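Have a look at the structure below, then the notes.
Because the structure is a prediction, the values reported are computed rather than measured.
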Amino acid sequence: ERAAREIRAEVGERADGAGELVVRELDLASLRSVRAFCHRVLQEESRLDVLINNAGIFQCPYMKTEDGFEMQFGVNHLGHFLLTNLLLGLLKNSAPSRIVVVSSKLYKYGEINFEDLNSEISYNKSFCYSRSKLANILFARELARRLEGTGVTVNSLHPGIVRTNLGRHVNIPLLAKPLFNLVSWAFFKTPLEGAQTSIYLASSPDVEGVSGKYFGDCKEEELLPKAMDDLVARKLWDISEVMVGLLK
């Protein structure tokens, strides 16, 4: 609510008729919350022009979501997967519309292990984050394939290393903190800078009709072959549908 007040104050100074800003509760670690949120959106909104899947949790200790999923895979991939699927009808009815999926360059260190998607056998917090970000890209590419001809585009992106509290679970030794703070101030992006590629994909006429691509710094980037494996993407989609309850 405080963030909303700040945005209203800032926008109000610049323009009239800028639209209405509303705050809605959504917990991506709870499929119940995702369903409740989508139900409310579908009841209240007549159209949906842009959906940005931006939430994320990074290198947390092993814990599970409300539904029993490993937290990073559950929030970063499965929560967004259900959210997007439940809102797809409204996005299609609002076409041309756009879906933007925030991933990470760290996808390069991930693998989709179908034998242990929930990390019941072994858990490595860095690997599991990278796996969830690889899942984001595979999801975006498979969704783009399924939405061909609908007027709904889907693209993924790497925002860069941004100075936020995303890294709150990373333990930095006390003596190293001043150096880390200096490095982050010098080299990390501000939240505003980190949001630019998301804003570009959500609003720029340059990417109108562009779908299934991966961007960084507002430019298309090449993906590693494992992020373009259509068979893995389809299998991940099918399993995700079952995990979130869209299919029995």
Side-chain angles (χ1 to χ4, degrees), residues 1-15 18-19 21-24 26 28 49-60 72 75-77 79-80 83-84 97-110 125-126 129-130 132-137 139-141 144 153-172 176-208 210-224 227:
E1 290 286 4
R2 188 176 75 230
R5 282 198 300 273
E6 290 171 1
I7 294 168
R8 285 189 195 105
E10 184 183 334
V11 172
E13 292 166 5
R14 293 195 310 232
L21 180 64
V22 296
V23 177
R24 296 288 178 260
L26 170 60
L28 285 156
D49 298 286
V50 181
L51 172 64
I52 303 179
N53 289 331
N54 178 69
I57 189 164
F58 177 70
Q59 293 193 10
C60 58
Q72 295 187 87
V75 170
N76 299 357
H77 170 61
H80 288 125
L83 175 78
T84 307
S97 53
R98 303 182 185 190
I99 300 168
V100 179
V101 179
V102 180
S103 181
S104 166
K105 273 186 181 169
L106 293 176
Y107 85 85
K108 295 175 181 179
Y109 306 104
K125 61 184 183 180
S126 300
Y129 178 76
S130 295
S132 73
K133 295 289 104 178
L134 175 58
N136 287 157
I137 296 170
F139 164 60
R141 285 176 56 83
T153 60
V154 194
N155 292 290
S156 57
L157 69 107
H158 167 59
I161 305 174
V162 188
R163 287 198 301 277
T164 67
N165 68 345
L166 181 69
R168 61 192 176 276
H169 294 293
V170 178
N171 291 319
I172 298 165
K177 277 196 173 173
L179 178 60
F180 176 80
N181 291 337
L182 183 64
V183 168
S184 69
W185 180 84
F187 297 107
F188 291 9
K189 291 182 177 182
T190 65
L192 180 61
E193 291 167 338
Q196 290 309 303
T197 306
S198 293
I199 295 168
Y200 172 76
L201 289 175
S203 61
S204 174
D206 294 349
V207 287
E208 188 175 339
V210 175
S211 194
K213 305 299 183 183
Y214 172 76
F215 289 77
D217 292 323
C218 300
K219 293 192 246 350
E220 187 181 336
E221 294 187 357
E222 287 192 13
L223 287 164
L224 294 180

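- Residues meeting the salt bridge (charged side-chain N to carboxylate O under 4.0 Å, His left out) test with R141, sequence neighbours left out: D230.
- For the atom pair OG1 of T190 and CD of Q196, the computed distance is 8.0 Å after rounding to the nearest 0.5 Å.
- Under the rule for a side-chain contact (heavy atoms from CB on, under 4.5 Å), the partners of N54 that lie at least two apart in sequence or sit in another chain are I52, V102.
- Applying the 6.0 Å contact sphere to CZ of R24 captures more than 12 heavy atoms from other residues, nucleotides or ligands.
- Side chain of N76 to backbone of I57: a donor-acceptor contact under 3.5 angstrom is found.
- The main-chain N or O of V210 is found under 3.5 Å from a side-chain atom of N155 such that the two form a donor-acceptor pair.
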Does the side-chain contact (heavy atoms from CB on, under 4.5 Å) test come out yes or no for L83 and L51, once each step is laid out? CA-CA 10 Å; L83 175 78; L51 172 64; 4.1 Å; yes
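- No donor-acceptor pair under 3.5 Å is formed between the side chain of H158 and the backbone N or O of G216.
- Between the T197 side chain and the C218 main chain, a donor and an acceptor come within less than 3.5 Å of each other.
- Shown here are the ring-ring contact (aromatic ring centres under 6.0 Å, His included) partners of Y214, two or more places apart in sequence or in another chain: Y107.
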side-chain contact (heavy atoms from CB on, under 4.5 Å) between N136 and S156: does it pass, once the steps are laid out? CA-CA 8 Å; N136 287 157; S156 57; 5.9 Å; no
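- Contact annotation: the side chain of S130 approaches that of L106 to within less than 4.5 Å [non-hydrogen atoms, C-beta and beyond].
- The ring-ring contact (aromatic ring centres under 6.0 Å, His included) check on F139 picks up F81, W237, with sequence neighbours excluded.
- Formation of a donor-acceptor pair under 3.5 Å by the Q72 side chain with backbone atoms of S132 is not found in this model.
- Taking both residues in full, the closest heavy atoms of S211 and A144 are given as OG-CB, 3.4 Å, listed atom of the first, atom of the second, then distance.
- Residues L21 and V11 fail the side-chain proximity criterion, which asks for heavy atoms closer than 4.5 Å.
- In terms of heavy atoms, R98 sits closest to L201 at NH1-O, 3.1 Å.
- Taking 4.5 Å as the limit, every side-chain heavy atom of S104 sits out of range of all side-chain heavy atoms of F58.
- Partners of T153 under the side chain to side chain donor-acceptor pair (under 3.5 Å) rule, at least two apart in sequence or in another chain, do not exist in this structure.
- Under the side-chain contact (heavy atoms from CB on, under 4.5 Å) criterion, K108 pairs with L224, not counting sequence neighbours.
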